[in-house]
Participant: 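This is the structure I want to talk about, given as structure tokens.
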Number of protein chains: 2
Amino acid sequence: MKLDFAQVFKALGDERRIRLLNLFLQSGKKICVCEMVDALRIPQYQVSKHLKVLRNLDLVKTTREGLWVYYEANWESSECVSDLFKVIKKHFQERFNEDLQRLDERLSLREGDSCVIGYSIYEKENES
Amino acid sequence: MKLDFAQVFKALGDERRIRLLNLFLQSGKKICVCEMVDALRIPQYQVSKHLKVLRNLDLVKTTREGLWVYYEANWESSECVSDLFKVIKKHFQERFNEDLQRLDERLSLREGDSCVIGYSIYEKENES
DNA sequence: CTCCTATATGCTTATATGCGAATATAAGCA
DNA sequence: TGCTTATATTCGCATATAAGCATATAGGAG
């Protein structure tokens, strides 16, 4: 499986994909799709589509737990990719800080290490 | 001037732009457009177009000497970009080795540090 | 089996990006 | 000035990519 690095750069050439990857790199955690939707404030179908691009290039790993699918950065892909990850991790922390803040809020609602609320918070948002 | 890094990755998401940048990074030299045309074996107008993308993002610097315009990597752009350059320099040496070989052949035709032959070698190629 | 929820994918339309040919610009020289 | 060469840009066309909506899939609970 010979990796085409132009493809990797092209994948990172979309702001939302970088923001997704940045969530994984900065938090170091497995994050589920509905949590990403909250952190990035973009529709679920967009998150899934962009995750597919990252998955096809082996930049992320997935774990399914019941209905929830958790994503994390894949540091075992290749040395070049993990060197790239280090650069992003080093320089993008403050660049997308708002995403990380919203992620933290959302992660605080977990029970143990698991997401339990899905999209139910959106129903509450109608109150405001 | 706030740099959009998704744009930088998008610029590197084209194989020919990476190959151009790789020429600068591996050789460490200023290279003129007609030499790039020979090294990458793509038309001159494509080289100029791709160089424009790199120039607009401040990834390369230019020097004009008479008719010839020399390009080189711009290491002063930002720390993040120069960290990216280091990753590319480290991992792409053998990946585009043929470009570098052709560049070396072409650079050996310089007089001093200057390109002097332009596109005249193409006229000789009709013999073969 | 049926219903519900989280995630993934098709499909259609709009937008953007690519190429190649021709041409413009800019500098040197006669 | 006018000619030549190196480099840059413009234009029209084909193709690719993005957004939004609807729907499909997959797993859990009753």
Side-chain angles (χ1 to χ4, degrees), chain A residues 6-7 9-20 30-57 60-72 106 109-111 114-124, chain B residues 4 6-7 9-18 20 30-57 60-72 106 109-111 114-124:
Chain A
Q7 289 300 113
F9 283 120
K10 197 181 282 183
L12 301 179
D14 181 282
E15 196 193 79
R16 286 148 310 177
R17 287 195 288 265
I18 285 222
R19 287 165 68 197
L20 286 170
K30 301 180 181 183
I31 301 171
C32 86
V33 176
C34 60
E35 291 168 335
M36 300 179 214
V37 169
D38 264 19
L40 266 61
R41 294 187 179 282
I42 61 176
Q44 174 266 323
Y45 69 82
Q46 283 193 9
V47 172
S48 282
K49 279 180 186 174
H50 289 306
L51 286 172
K52 184 180 186 177
V53 175
L54 300 177
R55 230 184 318 122
N56 285 341
L57 291 167
V60 293
K61 291 190 294 187
T62 64
T63 321
R64 181 179 272 276
E65 288 184 20
L67 283 178
W68 284 269
V69 179
Y70 293 86
Y71 285 76
E72 65 189 312
R106 180 62 200 251
L109 302 176
R110 282 186 175 182
E111 290 183 6
S114 296
C115 172
V116 291
I117 59 177
Y119 298 102
S120 56
I121 35 175
Y122 287 123
E123 288 147 28
K124 289 189 182 175
Chain B
D4 176 2
Q7 289 301 114
F9 283 119
K10 196 182 282 183
L12 301 178
D14 181 282
E15 195 192 84
R16 286 149 308 177
R17 288 195 288 266
I18 286 221
L20 286 170
K30 300 180 181 184
I31 302 171
C32 85
V33 176
C34 61
E35 291 168 336
M36 300 179 214
V37 169
D38 264 18
L40 267 61
R41 294 189 179 283
I42 60 177
Q44 174 267 324
Y45 69 84
Q46 283 194 10
V47 171
S48 282
K49 277 183 192 174
H50 291 305
L51 286 171
K52 183 181 186 177
V53 176
L54 300 177
R55 229 185 318 123
N56 286 342
L57 291 167
V60 294
K61 292 190 295 187
T62 64
T63 322
R64 181 177 273 277
E65 289 184 20
L67 283 178
W68 284 268
V69 179
Y70 293 86
Y71 284 76
E72 64 189 311
R106 180 63 199 250
L109 302 177
R110 282 186 175 182
E111 291 182 6
S114 296
C115 171
V116 291
I117 59 176
Y119 298 102
S120 56
I121 34 174
Y122 288 124
E123 289 147 27
K124 289 189 182 175

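In what follows, chains carry the letters A, B, and so on, assigned in the order in which the sequence lines appear, proteins first and then strands, with residues in each chain numbered from 1.
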Participant: Run the side-chain hydrogen bond (donor to acceptor under 3.5 Å, both in side chains) test against B:R55 and tell me which residues pass, sequence neighbours left out.
Facilitator: B:Y71
Participant: Can you tell me how far P of D:dT25 sits from CZ of A:R64, to the nearest Å?
Facilitator: 14 Å
Participant: Is a donor on one side and an acceptor on the other found under 3.5 Å between the side chain of A:R17 and the backbone of A:V53?
Facilitator: no
Participant: When rounded to the nearest 0.5 angstrom, what is the spacing between CG in A:L12 and NZ in B:K10?
Facilitator: 12.5 Å
Participant: What's the NE2-P distance between A:H50 and D:dA18, to the nearest Å?
Facilitator: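 So the NE2-P distance, A:H50 to D:dA18, works out to 7 Å.
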Participant: Ignoring backbone atoms, establish whether B:R55 has a side-chain N or O less than 4.0 Å from OP1 or OP2 of D:dT9.
Facilitator: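 Checking B:R55 against D:dT9: at least one side-chain N or O falls below 4.0 Å of OP1 or OP2.
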Participant: Quick one: B:K52 NZ to C:dG18 P, roughly how many Å, whole number?
Facilitator: 13 Å
Participant: On DNA chain D, does the nearest nucleotide to A:G66 precede the nearest nucleotide to A:D14 from the 5' side, or the other way round? Give the residue.
Facilitator: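 The answer here is A:D14.
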Participant: Round to the nearest Å and state the distance from B:K49 atom NZ to C:dA21 atom C1'.
Facilitator: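 Taking NZ of B:K49 and C1' of C:dA21, I get 9 Å after rounding.
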Participant: As a test of reading the structure: which of C:dG18, D:dA8, D:dA6 is closest to the side chain of B:W68, going by heavy atoms?
Facilitator: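 In terms of side-chain proximity for B:W68, the closest of C:dG18, D:dA8, D:dA6 is D:dA6.
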Participant: What is the distance, rounded to the nearest whole Å, between atom OH of A:Y119 and atom P of C:dC4?
Facilitator: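 Atom-to-atom, A:Y119 to C:dC4, this comes out as 18 Å.
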Participant: Find the distance A:L51:CG to C:dA6:P and express it as a whole number of Å.
Facilitator: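 Rounded to the whole Å, the gap is 16 Å.
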Participant: I'd like to know if A:Q46 reaches the base of D:dA19 with its side chain such that a donor and an acceptor end up less than 3.5 angstrom apart.
Facilitator: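 Answer no: no donor N or O sits under 3.5 Å from an acceptor.
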Participant: From the options C:dG18, C:dA6, C:dT9, select the nucleotide whose nearest atom is closest to the side chain of B:R16.
Facilitator: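 The closest nucleotide is C:dG18.
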Participant: What is the distance from CD of A:E35 to C1' of C:dT5, rounded to the nearest Å?
Facilitator: 15 Å
Participant: Please report the interatomic distance CZ(B:R16) to CG(B:L54), rounded to the nearest 0.5 Å.
Facilitator: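 These two atoms lie 11.5 Å from each other.
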Participant: Rounded to the Å, how far apart are A:Y45 OH and D:dT17 C1'?
Facilitator: 14 Å
Participant: Is a donor on one side and an acceptor on the other found under 3.5 Å between the side chain of A:R64 and the backbone of A:G66?
Facilitator: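 Here the side-chain-to-backbone pair exists.
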Participant: Under 4.0 Å, counting only non-hydrogen atoms across every strand here, what does B:Y70 touch: a base, just sugar-phosphate, or nothing?
Facilitator: nothing
Participant: Given that A:L67 and A:K10 both sit by DNA chain D, which one's nearest nucleotide is further toward the 5' end?
Facilitator: A:K10
Participant: Quick one: which of B:R110, B:K30, B:R106 gives a side chain to side chain donor-acceptor pair (under 3.5 Å) with B:E35?
Facilitator: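 Option passing the side chain to side chain donor-acceptor pair (under 3.5 Å) with B:E35: B:R110.
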Participant: Write out the stems for DNA chain C, ordered by first number and formatted as range with range, counting runs of at least 3 consecutive Watson-Crick or G-U wobble pairs under 3.5 Å.
Facilitator: C:1-17 with D:14-30, C:19-30 with D:1-12
Participant: If you round to the nearest 0.5 Å, how far is CG of B:D38 from OH of B:Y119?
Facilitator: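 Between B:Y119 OH and B:D38 CG, I get 8.5 Å after rounding to 0.5 Å.
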